[in-house]
Amino acid sequence: ARFSPPATLRFNYSSSYPFEFTSVTATPYSWLEATYRYTEIENVLYGPSGYSGNQTLKDKGFDVKVQLIKENSKIPSVALGMRDIAGTGRFSSEYLIATKRYLNYDFSLGLGWGLLGKEGSIKKPLQFLGDNFNNRTDDQVKGGEFSTSKWFSGDASLLAGIEYDLKK
């Protein structure tokens with residue numbers, strides 16, 4: 001649930017076969033982060049070879065993270081995030097995460113759905129809100145559509161992390 005300082009712009013590149021990710025993340029406010037991501041999927045062709053030659057598949061996505069609660073001495077920072085919210089759905093995920101600093105450590109704990117919830121260790125945690133939250137389809141669309149019926153639906157997985165700050 002950590003955010004970069006306001007007015008921050010970050011560029012990222014990572015490659016782990018078969019995915020090559022390039023992204024830019026903006027933090028216009030202390031409570032909002034937005035990312036545009038461009039992915040090359042190196043082991044899938046863009047289309048039939050007669051059409052695409054050896055051109056690999058590309059996928060674009062947009063992510064957003066919003067701070068719901070600001071950390072203080074007693075409570076953790078809490079954020080809600082959505083990945084690939086208007087993309088093909090190949091990398092779509094939603095998450096709710098809490099982070100609390102203690103001395104040089106940052107402890108995070110949350111829930112992830114979609115790609116982040118693939119392990120499905122927590123069965124349909126939001127089903128009590130309605131049938132829409134029971135199942136999540138793996139349908140992929142052409143992109144540019146908000147697949148709101150998928151958001152926070154289906155099984156989820158526990159997210160956890162510990163970070164140590166060497167500078168303090």
* Should the pair Tyr46 and Tyr51 be assigned to parallel (<30°), tilted (30 to 60°) or perpendicular (>60°) ring geometry? -> parallel

* Of all heavy-atom pairs between Glu33 and Ser4, which one has the smallest distance, and what is that distance? -> OE2-N, 3.2 Å

* **Step-by-step side-chain contact (heavy atoms from CB on, under 4.5 Å) determination, Leu129 to Phe152** => CA-CA 11 Å; Leu129 294 175; Phe152 299 95; over 6 Å; no

* Asked: Between Arg2 and Glu71, does at least one N-O distance fall below 4.0 Å, as a salt bridge requires?
  -> yes

* With a 4.0 Å cut-off, would you call Arg90 and Asp84 a salt bridge? -> no

Look at the side chain of [X] and the backbone N and O of [Y], then say whether any donor-acceptor pair between them is shorter than 3.5 Å.
X      : Y      : result
Ser52  : Gly47  : yes
Thr56  : Glu42  : no
Arg83  : Asp63  : no
Ser93  : Leu116 : yes
Ser108 : Gly161 : no

Counting only heavy atoms not in [X], do more than 12 fall under 6.0 Å of its [atom1]?
X      : atom1 : value
Tyr102 : OH    : no
Lys60  : NZ    : no
Asn72  : CG    : yes
Ile162 : CD1   : no
Phe107 : CZ    : yes

* Using a 4.5 Å cut-off on heavy atoms from C-beta on, say whether the side chain of Val64 contacts that of Leu80. => no

* Asked: Mind checking whether Lys65 and Tyr95 have side chains closer than 4.5 Å, heavy atoms only?
  ->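 Yes; the side chains approach each other to less than 4.5 Å.
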
* Step-by-step side-chain contact (heavy atoms from CB on, under 4.5 Å) determination, Leu159 to Leu96 -> CA-CA 9 Å; Leu159 306 174; Leu96 182 65; over 6 Å; no

* Asked: Can you find a side-chain donor-acceptor pair between Glu20 and Tyr13 that sits under 3.5 Å?
  -> yes

* Any chance the side chains of Gln67 and Ser77 put a donor and an acceptor closer than 3.5 Å? ->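 Yes.
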
* Asked: Centroid-to-centroid, Tyr36 to Phe62, below 6.0 Å?
  ->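 Between Phe62 and Tyr36, which both carry aromatic rings, the centre distance is not below 6.0 Å.
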
* Asked: Can you list the steps and then say if Asp155 with Lys124 is a side-chain contact (heavy atoms from CB on, under 4.5 Å)?
  -> CA-CA 4 Å; Asp155 297 338; Lys124 304 172 184 156; 3.5 Å; yes

